[in-house]
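Presented below is the structure to which this report refers.
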Amino acid sequence: MGSTSQTTSVRVRFAPSPTGTLHLGGARTALYNWAFARRCGGTFVLRIDDTDPERSTAENIEQILSALTWLGLDWDEGPQVGGAYGPYFQTQRGDNYARALQTMIDRGAAYRCFCSAEELAAKRDAARKGGGPSGYDRTCRGLSPEESQARADAGEPYVWRLAVPEDRGEVIVDDIVRGQMAFPADALDDMVIVRSDGSPTYNFASVVDDIDMGITHIIRGDDHVSNTPRQILVFEALGDALPRFAHLSMIWGQDNKKLSKRHGATGVEEYDALGYVPEALVNYLALLGWSLDGETTIVSPRTLCEHFSLERISKNPAVFDTAKLEWINGVYLREMGAEEFARRGLVPRLVAAGLVDAGDYEARADWYHELAPLVSERIKLLTEVVPLCGFLFVDAVRVDEKAQAKVLDKDPEAVSVVVAAALTALAEVAEWSTPAIEAALKDLPEVLDMKARVVFQVIRVAITGSQVSPPLFESMALLGRERSIARLQAI
RNA sequence: GGCCCGUUCGUCUAGCGGUUUAGGACACCGCCCUCUCAAGGCGGAGGUCACGGGUUCGAAUCCCGUACGGGCUACCA
């Protein structure tokens with residue numbers, strides 16, 4: 001308890017490693033940190049954990065920042081915005097790590113290790129065969145300070161290791177999500193904290209930064225659970241109080257395997273191109289491992305800011321389900337309102353397809369606002385915009401194969417009868433509007449003694465080129481008199 | 001090998017010892033609405049709560065074990 005009731009000084013951080021782009025799991029971790037900070041009136045820090053210079057890239061950093069921005073997860077401190085605890089790149093915090101190492105040396109909590117990689121591998125294998133823990137056997141821990149210094153001075157390569165206290169006993173991790181976990185200290189080896197090139201390892205740098213940045217709650221993926229007791233030892237060695245921990249379970253693909261490219265899009269930025277709006281992805285991710293009450297499925301970012309809680313995070317891994325994400329996306333599109341849908345979804349997609357100029361929206365906004373709800377109600381993804389209403393923006397309609405076969409070729413005689421009757425009826429329409437068009441055409445089935453569905457499908461295919469479209473009369477009204485008549489004549 | 005964790009309808013979940021004949025959502029099926037497709041409304045199917053023992057008057061809920069799955073076991077993060 002207490003973890004969320006303390007509303008004054010919560011500081012959380014999302015600390016991605018720019019060795020890759022932001023994927024769904026990372027996005028959810030960022031989201032939970034953000035939502036928790038917002039809910040508590042706390043501070044959301046973005047820190048770039050780039051201690052692995054080999055694999056970290058500027059492009060990945062760019063992508064991570066823009067993906068977070070697209071999702072609407074704004075950070076209070078970090079790259080681009082600065083803050084009182086900077087810098088926010090680990091590669092720029094070397095002084096802090098050096099100072100922390102010195103503190104640990106002074107306290108006898110760190111020692112040099114001269115063992116070679118080969119020696120270590122051999123020891124590991126032997127230990128594993130012996131049936132026990134395979135951690136470092138502490139060979140160099142017994143070295144006297146003098147000998148250690150002498151060998152270092154002689155130029156022998158070494159790393160710094162954490163000296164796990166002999167009498168430490170169990171390390172208890174009190175996790176908000178998982179509860180208490182006990183780790184026998186003898187299963188925790190003396191991990192490397194500073195590499196032979198002088199750079200800090202993740203488990204060391206991360207703790208030092210979390211201390212220096214005043215982080216109160218560490219919310220991260222559960223691949224870090226086993227690191228946590230080691231990190232706790234570093235906190236203790238540095239003499240600092242522990243933050244609270246909350247470990248999030250993994251996100252799996254449909255086949256219960258780790259989410260990967262095989263399962264489709266894994267990078268956040270891909271979801272924009274696929275036609276999702278960020279609120280929908282945020283909503284879906286929020287529900288993937290957390291619930292408001294077990295009933296509510298539409299949870300807006302705003303609701304998250306008001307009601308998110310670490311206590312309601314579930315422990316078990318979740319399978320990513322695209323169908324549900326799509327459904328949620330559809331809900332957001334439908335609830336958007338004509339103006340917003342036109343501006344955020346409809347027009348951009350039409351422009352991107354080269355069907356209209358960006359200025360066309362300004363020129364006839366009302367027309368677009370009429371179209372918007374007809375489209376938004378029928379799609380789940382913005383990629384469906386062009387297929388559904390593209391016919392309104394081309395000179396001549398192109399009838400798709402299925403419509404040709406199932407409607408036009410099925411009974412050519414009926415087609416010409418319907419078209420002729422429709423043209424005659426429409427000729428009498430004075431003002432070209434949805435109600436007038438409807439009034440002119442609604443009696444046709446009866447007059448022709450044909451099924452309504454047959455009559456209107458013929459007209460629909462003539463007008464839209466497809467068996468599926470927005471409502472017919474509205475479509476014709478939006479298309480305009482001349483083009484509607486021309487399309488009927490052309491069939 | 002060692003340490004740690006997880007397991008409720010196909011999927012996400014509610015449930016925190018009795019109010020549960022296990023609730024909701026997506027997906028699925030049917031009906032209604034209807035100019036198509038959607039949306040919406042109504043209804044349906046779908047769970048031996050991983051398995052086996054205990055504790056208890058009573059267990060999805062507590063304990064132990066087993067199975068399966070996962071994480072860590074790096075001079076990756």
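Convention: sequence-line order gives letters A, B, ...; per-chain numbering from 1. Remember, it's a predicted structure, so these values are computed and weren't measured experimentally.
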For [X], give me all partners under side chain to side chain donor-acceptor pair (under 3.5 Å), at least two apart in sequence or on another chain.
X	result
A:Y88	A:E77
A:H369	A:Y361
A:Y32	none

Per-nucleotide protein contact string for nucleotides 59-77 of chain B, where B marks a base within reach and S marks sugar-phosphate only (heavy atoms under 4.0 Å, - for neither) | ----------SSBSBSBBB
Summarise protein proximity over nucleotides 26-36 of chain B in one line of letters, 5' to 3': B for base, S for sugar-phosphate only, - for none, counting protein heavy atoms closer than 4.0 Å.
-> SS-------BB
Anything under 3.5 Å between a donor and an acceptor, one on a side chain of residues 447-462 of chain A, the other on a protein residue two or more places apart or in another chain? List them.
| from | atom 1 | to | atom 2 | distance (Å) |
| --- | --- | --- | --- | --- |
| A:Q457 | OE1 | A:R460 | NE | 2.6 |
| A:Q457 | NE2 | A:Q467 | O | 3.4 |
| A:R460 | NH1 | A:S469 | OG | 2.8 |
| A:R460 | NH1 | A:P470 | O | 3.4 |

Sorted by chain and number, sequence neighbours left out, ring-ring contact (aromatic ring centres under 6.0 Å, His included) with A:F393 holds for A:W367
ring-ring contact (aromatic ring centres under 6.0 Å, His included) involving A:W75 - partner list, sequence neighbours excluded |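 A:W75 satisfies ring-ring contact (aromatic ring centres under 6.0 Å, His included) with no residue once adjacent residues are dropped.
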How would you list all residue pairs meeting side chain to side chain donor-acceptor pair (under 3.5 Å) that involve residues 373-388 of chain A, not counting sequence neighbours?
-> none
Just grab all the side chain to side chain donor-acceptor pair (under 3.5 Å) pairs involving residues 433-443 of chain A, residues at least two apart or on different chains.
-> none
Let me check something: any side-chain donor-acceptor pairs from residues 154-172 of chain A under 3.5 Å, sequence neighbours excluded? List them with distances.
| from | atom 1 | to | atom 2 | distance (Å) |
| --- | --- | --- | --- | --- |
| A:E156 | OE1 | A:R151 | NE | 3.0 |
| A:E156 | OE2 | A:R151 | NE | 3.3 |
| A:E156 | OE2 | A:R151 | NH2 | 2.7 |
| A:R161 | NH1 | A:D190 | O | 2.7 |
| A:R168 | NE | A:E236 | OE1 | 2.9 |
| A:R168 | NH1 | A:E170 | O | 2.8 |
| A:R168 | NH2 | A:E236 | OE2 | 2.9 |

Output one line per pair: protein atom, nucleotide atom from nucleotides 42-52 of chain B, and distance, for all N/O pairs under 3.5 Å.
none

